[in-house]
Amino acid sequence: MRTSIGVVTHFNYTDGTYARPDEAVRALAYLGISHLRDQSPTPWIRGSAPLQTYADLMKHGYRFNFLALGDKFDPSATTVQLTKLEEACPGMIDAIEGFNEVDHAPVSYQGKTGPDAAIKAQTALYAAIRADPVLGHLPVYDLTGADWPKPGEKRADFVNAHLYPQNGSPPADWFNDAADRALKQESPLVVSEFGYASLPESGWLVIGVDQRSQAKGLLLGLFQAFSRNIERTYIYELFDEKPDPALKEREFHFGLFDANYRQKAAAKAIHNLTTILGDSSATNRTFQPGSIDVNVDAFPQGIRGLVIAKADGTLFLAMWNNTAFWNRPTGTPLESAPVSVTLALPDGLKARALFDPLESAEAVRAFTGESSLTLDVPDHPVLLQVRR
């Protein structure tokens, strides 16, 4: 599951928090995330980060999905910069992504602007990558902000979605809708942006919540994405981009860390999750996943379940109550009462510990090998560790 988690960065924003790549390295090491999504380097634009910034991050072990720039798009200008990085740091580019939210940021291509120009540019980008001797092996993610490809229209290897659950709602419906649409497309799916702003708000069509609710929403989305076999979900974003002491700009509050590089509750929760699921075992390259034959359909209404396996044979049964955690009319958090779930573990499996990534990287409850037990499941994922 850890490798399915990425985070959005903006190293091209050199007038705010991302002007400190050293802080990003520190923050990413804490999170345990190594997959980043950022704009394709544009050193010819004044004020942009130099190519060396990205190369240095790659040498620290960070892999990039690079987003194509749609303003006066030229395929060769994009591929020449990415070729330099791939040659300098082989294997550190994960993917190349098409244009960002073209319904808000129109693409200009061959003298034209608008949705048709964006799709033609995306098709040209895909052809250029496929023909490139250095980059041709890389997957291409589709643009966002336009209709997904029609049958037979080949412009990407993955369809792509941006998911921002409205009104502080749990993210399951958004992820399920995107995953169901991708199944109909018979295409793998990537979510290149997913997030909640930590700026509490009330009313309609807003997404700001408090820090604890932001952490809940992100955990819920990551588990829902993994349960639907989504290739990777990129959390939006690593840092709050600039200080906003007056609390007026929602866009400056999506970070896992604030504008002073301090951990928010969401950063701590992601750190806890990747620590709990961390696996340095040498067997992880040849590991065959296990399973737990638990009838999750028998769980109480609203309770979701998911099995996660580690290479050392440890299994986790993740469970959560898919319920509201934000009061939209009042702009305040909801704390739903936990739901009691009774489990009977099959095949000689025994309960060892319970983990709650919202609270700690350490076990919050220990067991002595019970095969039958009752747990109180909250409105965010908890993980029951089991072994034979």
Side-chain angles (χ1 to χ4, degrees), residues 6-22 24-25 28 34-102 105-111 113 117-145 155-158 160 190 192-193 232 234 236-238 241:
V7 65
V8 176
T9 56
H10 289 111
F11 292 110
N12 56 311
Y13 294 177
T14 57
D15 60 345
T17 53
Y18 290 99
R20 292 286 305 275
D22 58 321
V25 169
L28 291 164
S34 58
H35 297 275
L36 313 182
R37 180 218 190 217
D38 209 315
Q39 181 178 295
S40 180
T42 51
W44 62 88
I45 296 178
R46 186 177 181 180
S48 296
L51 207 64
Q52 192 61 44
T53 295
Y54 303 92
D56 288 345
L57 286 157
M58 288 176 164
K59 290 171 183 176
H60 275 93
Y62 297 107
R63 302 167 60 92
F64 279 86
N65 159 32
F66 281 117
L67 179 71
L69 183 66
D71 184 31
K72 299 178 181 177
F73 174 66
D74 177 358
S76 62
T78 297
T79 57
V80 70
Q81 300 303 320
L82 298 183
T83 295
K84 290 179 181 178
L85 283 174
E86 179 67 9
E87 289 177 336
C89 305
M92 300 310 289
I93 299 179
D94 274 330
I96 298 171
E97 183 178 341
F99 314 102
N100 190 66
E101 298 180 354
V102 299
V107 173
S108 54
Y109 179 60
Q110 294 183 337
T113 303
I119 290 171
K120 288 180 180 178
Q122 175 70 33
T123 303
L125 172 67
Y126 186 68
I129 297 301
R130 284 289 154 268
D132 191 282
V134 175
L135 306 175
H137 64 287
L138 294 172
V140 176
Y141 300 158
D142 199 15
L143 52 73
T144 50
R155 67 189 199 209
D157 302 303
F158 287 77
N160 188 1
V190 66
S192 63
E193 290 186 17
R232 185 163 292 123
Y234 292 89
Y236 192 92
E237 59 180 311
L238 180 61
E241 294 169 17

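Computation of the quantities below employed the complete heavy-atom set of this structure, encompassing side-chain atoms and omitting hydrogens, waters and symmetry-equivalent molecules.
Note that OG1 of T14 and CZ of R20 are 14.0 Å apart. Values are rounded to the nearest 0.5 Å. Residue L36 holds its CG atom at 12.0 Å from NE2 of H10, rounded to the nearest 0.5 Å.
Ring planes of F11 and Y18: perpendicular class, angle over 60° (limits at 30 and 60°).
Between L28 and S34, every side-chain heavy-atom pair lies at or beyond the 4.5 Å cut-off. Between R232 and F158 there is no side-chain heavy-atom pair separated by less than 4.5 Å. In this structure the side chain of P41 never reaches within 4.5 angstrom of the side chain of N12, judged on heavy atoms. Counting heavy atoms from C-beta on, the side chains of V107 and Q122 never come closer than 4.5 Å.
Around the NE2 atom of H60, the shell of radius 6.0 Å holds no more than 12 heavy atoms that belong to other residues, nucleotides or ligands.
F66 is linked by a ring-ring contact (aromatic ring centres under 6.0 Å, His included) to Y54, F64, counting only residues two or more places apart in sequence or in another chain. In this view, D15 and Y13, K242 satisfy the side-chain contact (heavy atoms from CB on, under 4.5 Å) rule, not counting sequence neighbours. Not counting sequence neighbours, the partners of N65 by the side-chain hydrogen bond (donor to acceptor under 3.5 Å, both in side chains) test are E97. Checked against salt bridge (Lys or Arg N to Asp or Glu O under 4.0 Å), D142 has the following partners two or more places apart in sequence or in another chain: R155. For Q110, the side-chain contact (heavy atoms from CB on, under 4.5 Å) criterion is met by no residue, not counting sequence neighbours. Considering only residues two or more places apart in sequence or on other chains, D74 meets the side-chain contact (heavy atoms from CB on, under 4.5 Å) condition with S76, A77. A search for side-chain contact (heavy atoms from CB on, under 4.5 Å) contacts involving E193 returns V8, R37, N100, E101, H162, Y164, Y236, not counting sequence neighbours.
V190 and Y141 make their closest contact through CG1-CG, 3.7 Å (heavy atoms, listed as atom of the first residue, atom of the second, distance). The nearest pair of heavy atoms linking Y109 to P75 is CE1-CD, 4.4 Å. The two residues F99 and G70 come nearest to each other via the heavy atoms CD2-CA, 3.6 Å.
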Go through Q81 and T42 one step at a time and tell me if the side-chain contact (heavy atoms from CB on, under 4.5 Å) criterion holds. CA-CA 8 Å; Q81 300 303 320; T42 51; over 6 Å; no

Side-chain donor/acceptor pairs under 3.5 Å, residues 83-95, sequence neighbours excluded:
from : atom 1 : to  : atom 2 : distance (Å)
T83  : OG1    : T79 : O      : 2.7
E86  : OE2    : G91 : N      : 3.3
D94  : OD1    : R63 : NE     : 2.7
D94  : OD1    : R63 : NH2    : 2.9
D94  : OD2    : H35 : ND1    : 2.6

Can I get a per-line list of side-chain donor-acceptor pairs under 3.5 Å for residues 123-135, giving both atom names and the distance, sequence neighbours left out?
from : atom 1 : to   : atom 2 : distance (Å)
T123 : OG1    : I119 : O      : 2.9
Y126 : OH     : D157 : OD1    : 2.8
R130 : NH1    : G136 : O      : 2.7
R130 : NH1    : L138 : O      : 3.1
R130 : NH2    : L138 : O      : 2.8
R130 : NH2    : D157 : OD2    : 2.5
D132 : OD1    : V134 : N      : 2.8
D132 : OD1    : L135 : N      : 2.9

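Defined by atom type and a distance below 3.5 Å, a donor-acceptor pair is missing between the side-chain atoms of T144 and N160.
Note on residues 48-58: no pairs pass salt bridge (Lys or Arg N to Asp or Glu O under 4.0 Å), not counting sequence neighbours.
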